[in-house]
Amino acid sequence: MSTWFEQNFPNVVYQGWSGDTGWWTAITQTIYMTFWSALFGGLLGLIFGLGLVITSPSGIAPNKTLFWIFDKVVSLFRAIPFIILLAFIAPFTKLIVGTQIGTTASLVPLSLGVFPFYARQVQVALTEVNAGIVEAAQSIGASFWDIVFGVYLREGRSELIRVSTVTLISLIGLTAMAGAIGAGGLGNMAIAYGYNRYATDTTVLATLLVLILVLAVQIIGDVLARRLSHK
Amino acid sequence: MSEPIIALDNITVSFKQKKRTITAVNNVSVHIERGDVYGIVGYSGAGKSTLVRVINLLQEPTSGSVVVNGTTFFKHDANTNDKIRIKNNDLRLRRQKIGMIFQHFNLLNERTVTENVAFALEHSKLSSKEKAQKVADLLALVDLSDRADNYPSQLSGGQKQRVAIARALANDPEILISDEATSALDPKTTNQILALLKSLNQKLGLTVVLITHEMQAVKEIANKVAVMQDGEIIERGSLLEIFAQPKEQLTREFIETATNIDKAIETVGHQPIVHNLAENAVFVRLSYVGKTTDQPLITRLFRDFNVTANILYGNIEVLQGTPVGSLLVILQGTPQAITNAIAALNDNEVDVEKIKGGQSL
């Protein structure tokens with residue numbers, strides 16, 4: 001078995017398991033990038049998405065100026081192709097993490113790249129929360145934060161999980177590009193060590209591993225969304 | 001007259017839409033007394049929803065004054081441009097004393113029945129034990145104790161509305177606003193909900209503001225009625241006044257939907273006896289209120305005037321304990337006799353409206 005594998009997948013074996021260019025290293029890099037940028041970008045996206053819904057003309061605290069700011073910031077960042085964003089914000093990245101290359105440095109552009117996408121998704125998800133329910137909450141004297149947490153986030157919970165799943169999957173896609181600034185990961189493995197070296201077996205395995213990751217996220221997301229919905 | 005619990009004065013609500021301004025409510029004043037069940041009737045788009053939303057400032061008026069239970073919520077004089085508005089925090093506290101229920105129930109879908117009611121008690125000073133007891137009491141009041149752990153999607157429309165009522169009552173409000181609360185329910189459930197509202201009005205002294213397009217609902221429980229059209233109240237009065245002596249065409253239309261008299265006139269009109277009305281006959285509608293019903297009027301017509309009365313249709317409603325009746329009758333006799341008979345009916349406070357025949361009278 002192991003000889004058969006070595007014969008048919010020589011480049012996969014050549015990459016090794018742990019070392020700097022190893023498979024395990026690439027897997028953990030991808031998971032590391034996905035996790036932290038999902039956390040930072042997600043938080044930022046949630047704040048902007050909530051902001052868009054709350055300050056919109058039909059929201060609970062309409063505010064034209066704030067809405068304009070949220071809307072334009074999100075649109076602007078969404079308009080920049082991610083691969084350009086990586087390079088474009090390098091000075092800012094250096095300011096925050098001290099370096100502009102490497103896995104940790106990639107968290108800044110990844111977070112900034114994913115947050116506008118998530119913000120729009122959150123906006124759509126929360127807009128679907130029935131305005132009548134919000135009005136009913138206001139009529140019983142609920143406070144601003146009661147409505148944000150108790151109505152919007154609680155009623156939109158299942159839908160938020162669904163859009164988070166979509167966002168997470170697209171984020172995994174973005175991490176594949178982070179190899180451009182030396183962040184490593186499975187995408188980098190597929191391109192730098194697979195495609196560029198004509199090592200098709202490496203490309204195939206890296207792709208398979210990404211697929212497994214995406215599938216796992218999708219399944220967990222679907223199950224959670226279904227479990228938490230009582231509609 | 002005691003001070004009204006709700007005083008809306010000169011309320012105007014207009015919405016700006018690109019280039020034109022739409023006035024949903026136009027200079028309307030309504031005073032609602034404590035303990036009233038005040039019905040506001042009108043077709044959709046008449047502005048009744050907008051008007052009641054002004055009571056708890058879910059809709060801020062463009063001008064006018066809103067005083068609830070002695071507290072000024074809002075006051076804006078269009079001429080002097082002086083504006084007073086209650087502080088948001090105070091408004092939240094006051095809103096707890098103004099319950100509201102909606103056509104589409106507006107329950108929190110992701111919370112159980114118990115959690116839905118408890119949501120209204122989030123800012124209550126009660127201990128968690130007292131809150132749980134309060135929720136249980138409210139659910140018992142609306143007869144839903146056995147559904148405490150269900151989610152709204154597992155309930156019928158009537159049950160959902162009962163949960164909404166329990167939630168609206170959680171902070172012991174003095175006012176309950178019902179915004180088309182029975183419009184999405186079947187007739188039987190509608191009656192159950194109306195009976196519940198009536199009993200809350202009687203048991204708790206709750207003031208109910210009921211807006212609806214169904215005159216039937218108003219007839220069941222209201223003691224006062226206002227009819228709205230195009231953002232204005234075109235007619236108002238006690239239920240009895242409105243039903244017995246409607247002045248406006250629209251009011252009549254609404255009443256007819258509740259009494260089916262228009263349908264009856266049509267149906268009866270097709271009967272040969274009306275269709276081929278005899279020359280010495282007249283087809284009339286007799287309307288009367290109250291004690292007149294106790295007298296044998298129809299018999300008197302024959303005895304005193306020699307006019308026969310053939311009753312084709314009759315409808316008697318008992319509104320607030322007073323009978324209100326409508327009869328479709330063919331009166332037959334000499335023209336003079338019929339004229340005298342009609343005069344006698346009028347003397348007895350019976351309104352006579354000729355529908356067919358009797359040109360010579």
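Numbers restart at 1 for each chain; the letters A, B, ... are given by sequence-line order, proteins then strands.
- The pair K231(A)-E110(B) does not count as a salt bridge, with every side-chain nitrogen at least 4.0 angstrom from each carboxylate oxygen.
- Screening R95(B), R92(B), M100(B) for a side chain to side chain contact (heavy atoms under 4.5 Å, CB included) involving Q138(A) leaves a single residue, R95(B).
- The number of heavy atoms from other shown groups lying within 6.0 Å of CZ (F144(A)) is above 12.
- For chain A, the nearby parts of L108(B) are the backbone and the side chain; heavy atoms of each come within less than 4.5 Å.
- Remark: I101(A) CD1 is loosely packed, at most 12 non-hydrogen atoms of other residues, nucleotides or ligands lying under 6.0 Å away.
- For K75(B), the NZ atom sits in a loose shell: 12 or fewer heavy atoms of surrounding residues, nucleotides or ligands are nearer than 6.0 Å.
- When all heavy atoms are compared, the tightest approach of G141(A) to H123(B) is O-CD2, 4.2 Å.
- Within the 4.5 angstrom heavy-atom criterion, only side-chain atoms of E115(B), from C-beta onward, approach chain A.
- When the shell of 6.0 Å around NZ of K16(B) is examined, it contains 12 or fewer heavy atoms from other residues, nucleotides or ligands.
- F119(B) and I140(A) make their closest contact through CD2-CD1, 3.7 Å (heavy atoms, listed as atom of the first residue, atom of the second, distance).
- In terms of heavy-atom proximity, G132(A) sits nearest to N106(B) at O-ND2, 2.9 Å.
- Only the side chain of E122(B) comes within contact range of chain A, judged by heavy atoms closer than 4.5 Å.
- Contact annotation for L107(B): only backbone heavy atoms (N, CA, C, O) come within less than 4.5 Å of a heavy atom of chain A.
- Your options are R94(B), Q154(B), R167(B), and the one with the most heavy-atom pairs under 4.5 Å with chain A is R167(B).
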Checklist entry - Can you check side-chain contact (heavy atoms from CB on, under 4.5 Å) on R111(B) and H230(A), steps first, answer last? => result CA-CA 8 Å; R111(B) 290 177 200 244; H230(A) 295 284; over 6 Å; no
Item to check | S139(A) and L58(B): CA distance, side-chain angles, deciding distance, side-chain contact (heavy atoms from CB on, under 4.5 Å) verdict | outcome: CA-CA 7 Å; S139(A) 81; L58(B) 279 180; 4.2 Å; yes
Next on the checklist: Could you walk me through whether H104(B) and N130(A) satisfy the side-chain hydrogen bond (donor to acceptor under 3.5 Å, both in side chains) test, starting with their C-alpha distance in whole Å, then the side-chain angles of each, then the deciding distance to 0.1 Å, before giving a yes or no?
Outcome noted: CA-CA 10 Å; H104(B) 298 296; N130(A) 189 337; over 6 Å; no
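- Atom CZ of F15(B) has more than 12 neighbouring heavy atoms from other residues, nucleotides or ligands inside a 6.0 Å radius.
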